[in-house]
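First the structure, in the form of structure tokens, and then the observations on it.
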There are 2 protein chains.
Amino acid sequence: MKVKLEDVAKAAGVSPTTVSRVLNNRGYISELTKKKVEDAIEELDYYPNDVARSLFKKRTNFIGLIVPTVSNPFFGELSLYIENICSSLGYKIILCNSSGQFEKEKAYSTMLIRHQVDGILVCSYNRGIDTYKYPKLPIVAIDHYLAPTIPVVGSDNYMGGKLAVQHLIDRGCLSIIHINGPLELETPTQYRRKAYEDLVDNPVTYELQFDEEDIVLSIRKILLERPETDGIFASDDLMAAACLQVARELNIQVPEQLKVIGYDGTKTTRSLLPQLTTIKQPIEEIAKTSVKKLMDMIDNSELSGPYETVLPVQLLINETT
Amino acid sequence: MKVKLEDVAKAAGVSPTTVSRVLNNRGYISELTKKKVEDAIEELDYYPNDVARSLFKKRTNFIGLIVPTVSNPFFGELSLYIENICSSLGYKIILCNSSGQFEKEKAYSTMLIRHQVDGILVCSYNRGIDTYKYPKLPIVAIDHYLAPTIPVVGSDNYMGGKLAVQHLIDRGCLSIIHINGPLELETPTQYRRKAYEDLVDNPVTYELQFDEEDIVLSIRKILLERPETDGIFASDDLMAAACLQVARELNIQVPEQLKVIGYDGTKTTRSLLPQLTTIKQPIEEIAKTSVKKLMDMIDNSELSGPYETVLPVQLLINETT
DNA sequence: GTGAAAGCGCTAACAA
DNA sequence: TTGTTAGCGCTTTCAC
């Protein structure tokens, strides 16, 4: 059996209450008793049971984090920051990779509620999950509009799209296409797309719904069909990389014949593909802001501050444009 | 207040036990009672409290996952697979990014024990964390030797190093250097390094202890100091990418003048940098095997099967060699 | 400065 | 087929 508080109490010759007091630094304890208890804890290698504690306190210090997939550089980096910040505040992260699937996300949200998480951070793509309406459950959405009552933290997608497309135009592109990826089923990229459509005369947006290999195939098809294309605004850096790969295969010179701009600008991308011109999202700021907002909601049980927070993005000009 | 089992019982006009039975599909219940209870659950929007359940059952279905950082493509991908598999088995992941720091990892392991996790998966780099000795706590280490009693799952690092270096030799490299990164403080890369040192006449290994920007600087310095270098075996793909970047800056032609091989071969790398020749680790297999082993330990409370599992790696030849 | 007792929400003997 | 009761390990009034 695991050693429990009662065992420590017996070993120290005091009551459970006293041990609890030592553990939580609460109330008056004599130095001597404190020492005895601490020795017993040490001696028995005792770890308090946080499940029991959570049950009593009605607070778990767990935060649920729902992302499409932590293997995507953007969400991986975001998850890292979020976890780090939460950890420094005494919160733990339950990681959920929804794959962008409605059913999965729904199952995860139910699971999180049953586990009594203190709050949920959602960066996934599905609307209409009514679990999120669970009374007084603090939720912050990242870059998505989940429901009218759920606050949103994100970066300026319209501005990002505008910066990207305007940059291509400035560089002399005359036939710019826009490529959207499989993960981007809803909200945020719509603004990037809107910016593109607002700035370009005959917008052509491709929505690629497939995975990796298919993406390369699709892009090859697109470039072969539209040889006049001289600019691509990809909705994320992975897409952009696929464009570069296809261009290499087809002997299209980048940036001379074709300019490519991506989106996200994660550290991973900047390390693996430093040539890529891209729109850099303020990932750490998004993490900080969303966690802060969630903590506010947890502590005050209501939303303070703005319903929506929009953080600035940045154009990183490199060699692909 | 949250609605609890008792509320459901009252609403359905039955005892708490009966509700519990319906919830767990245990024992005999008449269809009628079952229906009444289910209606009440629906009506009240009741979610069982898994904290209470865990306390009673002495089982949380939580698995702790300790990685250096989930933002690294290798660990990001590994975490995804691990979480997916665990989720399909009814387990939840508590994510811990240790940054490879001893103190952090120690704090995380204590936290996990206090939260009564059913097991821990460790892919971090610190030895001598005595928390891992906690009685009968199932632990599986990924690619690291934590302690003699903790089983290890990993890929064949020596073979990986050998494949990489032999490939460079086969391609005609005469002056091959090896670059090790900041995250790689211990075990697994040592075998890669050993293979390198076994195969090369005058091995020169650089251990870069700094972060991103410094790495590029260091590599530039190395290449300027050793212009005869015609082959680099980097200990991971990010390092390799930094080498390529420096080569570009210095106008060194890859692969003509310099050949570069990386390590890991994640999907992210293969998307962002498909030109890179690398050693591909069987990430999904590592995830499957380590979770399976952990589940065995949880269910049988002892280790079955081999203490160490070594999975095969694969040489992916691309354009940088 | 310390202890006794009740209870957090749930489950599982054991009875009925 | 259903209910009564005790208890998982902890914290916290309240009493001493």
Between C/dG1 (P) and A/Lys35 (NZ): distance, integer Å: 19 Å
Report, one pair per line, the protein and nucleotides 8-10 of chain D atoms (nitrogen or oxygen only) whose separation is under 3.5 Å.
| from | atom 1 | to | atom 2 | distance (Å) |
| --- | --- | --- | --- | --- |
| D/dC8 | O3' | B/Lys58 | NZ | 2.7 |
| D/dG9 | OP1 | B/Lys58 | NZ | 2.4 |
| D/dG9 | OP2 | A/Lys4 | NZ | 2.7 |
| D/dG9 | N2 | A/Ala52 | O | 3.4 |
| D/dC10 | OP1 | A/Tyr46 | OH | 2.4 |
| D/dC10 | OP1 | A/Asn49 | N | 3.1 |
| D/dC10 | OP2 | A/Leu5 | N | 2.4 |

Atom pair CG (A/Leu121) and CD1 (A/Ile142), whose distance is rounded to the nearest 0.5 Å: 4.5 Å
NZ/NE/NH1/NH2 to OD/OE distance under 4.0 Å, A/Lys10 and A/Glu6: yes
Bending between helix ends of the helix from C/dG1-D/dC16 to C/dA16-D/dT1 [5 pairs per end, 10° resolution]: 40°
Under 3.5 Å side-chain donor-acceptor pair for B/Ser71 and A/Tyr81: no
Which protein N or O atoms sit under 3.5 Å from an N or O of nucleotides 3-5 of chain C?
| from | atom 1 | to | atom 2 | distance (Å) |
| --- | --- | --- | --- | --- |
| C/dG3 | OP2 | A/Ser15 | N | 2.9 |
| C/dG3 | OP2 | A/Ser15 | OG | 3.1 |
| C/dG3 | OP2 | A/Thr18 | OG1 | 2.5 |
| C/dG3 | N7 | A/Arg21 | NH2 | 2.9 |
| C/dG3 | O6 | A/Arg21 | NH1 | 3.4 |
| C/dA4 | N7 | A/Thr17 | OG1 | 3.4 |
| C/dA4 | N6 | A/Thr17 | OG1 | 3.0 |

Sidechain N-carboxylate O distance under 4.0 Å for A/Lys136, A/Asp118: no
Under 3.5 Å side-chain donor-acceptor pair for B/Glu83 and B/Tyr91: no
A/Tyr28 OH to D/dT12 P, straight-line distance once rounded to whole Å: 16 Å
B/Tyr145-B/Tyr307 aromatic ring centre distance below 6.0 Å: no
Exam field: side chain A/Ser79 to backbone A/Phe75, donor-acceptor pair closer than 3.5 Å: yes
Length of the CD1-C1' vector between A/Ile113 and C/dG9, whole Å: 17 Å
Mutual orientation of the aromatic rings belonging to B/His115 and A/Phe62 [parallel < 30°, tilted 30-60°, perpendicular > 60°]: tilted
Greater than 12 external heavy atoms within 6.0 Å of B/Lys2's NZ: yes
Charged N-O contact under 4.0 Å between B/Lys293 and B/Asp299: no
